[in-house]
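To start, the structure under review is shown below, and the notes come after it.
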Amino acid sequence: MPDRAAKSPPSELRARVRVLGRVLGDVIKSQDGQTLFDRIEDIRKTSVAFHREGGAANAALLEERLRSLDLHETVRFAHSFACFLQITNIAEDYVQRRKAGDPRVDTLAGSLAALAEEGVSTAQVAKMLQTAFIAPVITAHPTEVRRKSVLDRTRAITEALSALEQASSESARHEREIELLREVAIFWRTRLLRGVRLGVIDEIETAVSYFERSFLAELPRLYGRWTRQLEAQLPSFLRIGSWVGGDRDGNPFVTDAVQRQAFARQSQAALLNYLERIHALGAELSLSSTLAQVTPALQALADASGDTSPQRGDEPYRRALRGVYARLAATYPILTGEAPPRPSPLSAQPYANAQALKADLQTILDSLIANHGDTFAIGPLPELIRAVDCFGFHLATLDLRQNSAVHARTVAELMAVAGVCPDYQALDEDARRALLLSELGHGRLLYSPFAEYSEETNREYAVLAQAARSRQQYGRQAIVAYIVSNTTSVSDLLEVYVLLKEVGLFHPGESPRTEVFAEPLFETIGDLRAAPDTMREYLSLPLIKSLLAEGRLQEVMIGYSDSNKDGSYLTSTWELHQASRALLATTEAMGLRLQLFHGRGGTVGRGGGSSYEALLAQPEGTVRGRIRITEQGEVVANKYADPQLADQSLETITAGVVLASLRKASSERLGEKHAPVLDKLSQASMEAYRSLVYETPGFVDYFYAATPLTEIVDLNIGSRPASRQPTRSIEGLRAIPWVFSWSQSRTMLPGWYGFGSAIEASGVSLTELNELHEAWPFFATTLANMEMVLAKSDMLIARRYAGLVEDKALAQTIFGRIEAEWSKTAEALLSISGQTALLDRHPDLAEALRTRLPYIDPLNHLQIELIRRRRAGDSDEAVREGIHLTINGVAAGLRNSG
């Protein structure tokens, strides 16, 4: 293979795709015969020719080839192209992985270099990180269509490809080729679709797998690298959070029992990792006291271990580690409910908390460094200590989340049964607030174990009671935040504290305190606009001032998905930007620090796109070293399933936070100058978007018919229902299936609709828009994400989905508006960016997309025909399987489709 330095990334990608595609072709021929291979290859070549050359003849030929497939062949074809798109992902990730260590800007080293040019020293960066907090938060939102087995197989293929490229002799290369062939053969025969719907326990297992595979090992190594780069000791500012097992908003399957299982499984992963590392250290640290000195603290730890074996009498480090292992092994059944896989023969007391374990490990490290120098400051023991510091006994901090409407009903029932207020929900906001503050001012409880309550109230109380037990068992960091979805008022937050008080997590008195903080989630356009006033009223309350007195920090979560569904991509993006600035001003006026929690999804319509670019586009002062960001759907696997990619992803977000926090803010001032322009564009975009989605008669019927929403709901990809309400409405539909459906139909409407009309109606000069695009990161990032979505959309394919609508007049009317808006938007974007074609400035992305489209498009065509058959009453299970395989393949090809 030619030298990597002589190849551009696009040619690197093509080379890997060719290798893996050839191997997959060999597997198909050997296992399914030349005939099937020839049919698949014929369609592949026809599709490639159509994409390269265009033309009606090639289009007709491709259509003819697809229509000639019988049902069995269609299913096999869908499976083969879905497999090939997974193969393409492997190749793309492989190339991305090889970039590790390049002097790119989106590494900490790159950020340090960029800041140095502005006069910011590494010492200033290190000082900022002393109070920083960065937390990607894993969620279980259902857009990951790949089974864990498929993810495991892709990793195995990646390792086999890497081994092949590193083979140094012909014989070794031959062996590695056989290994790669074997792994691809297993993958070819691996079922792509889940046979049963995921439960929350399955989602917990999947989330924990990322910790086991990547986070537990890679995060401590990152800290070691950063410590050396900055020449400073760093606190554990980067941590991983989770919603899996704690997010109850619209998911009735998340219960107290599920939360208990989530922590048991999380703890199991952490403790098993620690036990393995301690066992390995015990084998490694064979230093003898006859040849080496130890500190008194280490000697005392060794003497207290209970290890009296004469074979280790002169090996204090080994004896100390055996004692540490014994204590942790004794802790294991308490936290996990199971016996440790490798019990200790020693009798020992369990650790009370992770801090005690960390202290013992630090005693061992201190002795090594004191007697043998800083060579021991790097390596497995410091990495283990960092792991314990980051992950504790709980592995990931679990957020609780529930909708404010549920809290209101629960509090209302508790008050009614207790005789406090017969109809709390009938009260206005001022009366609610007064009553809630009164309840938070004394110690009397509302809940009685002898009273009868509704199923919902019992479920909510049980979850909170379990949260109190979880914190006591797994540590204070197990749960620290309670996210309140659909926050519209101060009472929405106070209700949570009333509920926390019932289980002992809120403590009233002269100096009230809380162990878990209520945190608002502002989601719709209206709520985002009202957020500063809501928070100003909330933070002005004496009770809240007292609760925040120690940390002086208020976290606010802002939602990308629902704001987009509510008002269009451009409006959502701009309102989030403006709300962030306004919330910063509000908290600063109260003498508090703001920590924003960005509820981003995978696709652009839900806040997706480059995390690094998104961070640099944040308003000045809204980062300052502290941020949380949700990681959802297929993006979690794309970023974190592979250890090297996890390393890159975690470094990228850290680099972005550092640069966003300390860079000069001249571009932001430019944004302030042109804010009226964005106000005008945003308003026009929202009007165009809502005119189509919420004001067009029959739009809901069109959406349900012209996208595979019904078929997506039938997929076994998540435990959460697709709609919040049983009604057939856009308002009640969750943002995830809303976006996923438009992605599958290649319309991608949530990621661009309204922008073209906004530019047309605004009257803003092209010169001013060009200036904004070149000089303002916010505007440039907004358009870059929109451009990616436009490039992945295809109006010709979308038109075919519109053909599924029975009311042809309705279909023609609505699709005509969509198509016209797409043209306006694409034309406007090209004019502003100065390009002649989409992605001209992003050749790598354009090349990756060109590689995929010949395989995505045929799947779309087959999906349409299979949906047509299914909706016409064909109940053949093969039709259903074929539809789901095409959904799987299209999602794999688009990558960030949900």
Side-chain angles (χ1 to χ4, degrees), residues 135 137-138 200-201 203-205 207-208 211-212 215-216 236 239-248 254-275 278 324-341 343-344 348-361 387-402 447 449 459-483 496 499-507 513-517:
V137 179
I138 307 299
V200 184
I201 302 305
E203 293 169 339
I204 291 168
E205 187 62 36
V208 170
F211 288 84
E212 294 174 323
F215 295 135
L216 278 161
S236 298
R239 296 171 183 263
I240 314 298
S242 177
W243 275 13
V244 190
D247 180 10
R248 313 191 307 288
V254 178
T255 63
D256 59 314
V258 164
Q259 182 195 135
R260 186 165 58 248
Q261 287 176 275
F263 275 117
R265 181 63 183 93
Q266 289 183 186
S267 185
Q268 179 190 55
L271 268 58
L272 282 176
N273 181 273
Y274 303 160
L275 287 168
I278 293 167
V324 170
Y325 185 98
R327 292 193 66 186
L328 190 58
T331 310
Y332 187 91
I334 297 173
L335 299 184
T336 70
E338 300 178 2
S344 171
Q349 289 295 313
Y351 281 110
N353 49 54
Q355 289 72 32
L357 168 62
K358 180 186 172 186
D360 282 353
L361 294 171
V388 174
D389 195 45
C390 288
F391 303 107
F393 287 166
H394 62 287
L395 188 69
T397 298
L398 189 69
D399 286 344
L400 301 180
R401 185 171 81 127
Q402 182 57 284
Y447 181 85
R459 184 170 63 243
E460 292 300 303
Y461 181 85
V463 166
L464 289 172
Q466 180 57 47
R469 292 190 291 271
S470 295
R471 280 179 52 87
Q472 185 176 25
Q473 190 171 9
Y474 297 98
R476 291 177 296 175
Q477 287 298 310
I479 298 172
V480 298
Y482 194 127
I483 309 297
V496 171
L499 296 174
L500 291 172
K501 173 189 161 190
E502 294 298 309
V503 296
L505 291 175
F506 175 92
H507 307 276
R513 62 185 179 87
T514 187
E515 297 178 40
V516 174
F517 284 87

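Position 1 is the first residue of the sequence; numbering continues from there. We use all heavy atoms of the structure for the numbers below, so side chains are in, but hydrogens, waters and symmetry mates are not.
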Hey, could you give me the [atom1]/[atom2] distance between [X] and [Y], rounded to the nearest 0.5 Å?
X	Y	atom1	atom2	answer
I278	Y325	CD1	OH	8.5 Å
Y332	S344	OH	OG	15.0 Å
T255	R459	OG1	CZ	9.0 Å
F391	T397	CZ	OG1	10.5 Å
N273	F211	CG	CZ	12.0 Å
S267	E338	OG	CD	10.5 Å

So [Y] and [X], do their side chains get closer than 4.5 Å, heavy atoms only?
X	Y	value
L500	L464	yes
Q259	I479	yes
V463	R248	yes
L395	L216	yes

Suppose we screen for side chain to side chain donor-acceptor pair (under 3.5 Å). Which residues come up paired with [X], at least two apart in sequence or across chains?
X	answer
D389	S236, K358
D399	W243, R628
Q472	none
E515	R471, H507

Q. Can you check whether Y351's main-chain N or O pairs, donor with acceptor, with T331's side chain at less than 3.5 Å?
A.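 Yes, T331 side chain to Y351 backbone: donor-acceptor pair under 3.5 Å.
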(Q) My understanding is that only residues two or more places apart in sequence, or in another chain, count here; which of them pass salt bridge (charged side-chain N to carboxylate O under 4.0 Å, His left out) with R239? (A)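 Per chain and number, R239 pairs via salt bridge (charged side-chain N to carboxylate O under 4.0 Å, His left out) with no residue.
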Q) In chain order, what residues pass the salt bridge (charged side-chain N to carboxylate O under 4.0 Å, His left out) check against E502, with sequence neighbours excluded? A)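 E502 satisfies salt bridge (charged side-chain N to carboxylate O under 4.0 Å, His left out) with no residue once adjacent residues are dropped.
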Q) What residues form a ring-ring contact (aromatic ring centres under 6.0 Å, His included) with Y447, not counting sequence neighbours? A) Y453, Y461
Q. What residues, two or more places apart in sequence or in another chain, satisfy ring-ring contact (aromatic ring centres under 6.0 Å, His included) together with Y274?
A. none
(Q) Heavy-atom count check: over 12 atoms from other residues, nucleotides or ligands less than 6.0 Å from R476 CZ? (A)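 Check fails, neighbour count at 12 or below.
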Q: Under the side chain to side chain contact (heavy atoms under 4.5 Å, CB included) rule, what do V254 and D247 come out as? Steps first, then yes or no, please.
A: CA-CA 7 Å; V254 178; D247 180 10; 5.7 Å; no
Partners passing side-chain contact (heavy atoms from CB on, under 4.5 Å) against [X] (at least two apart in sequence or in another chain):
X	answer
A352	none
Q349	none
R469	A465, Q466
A478	F263, H394, Y474

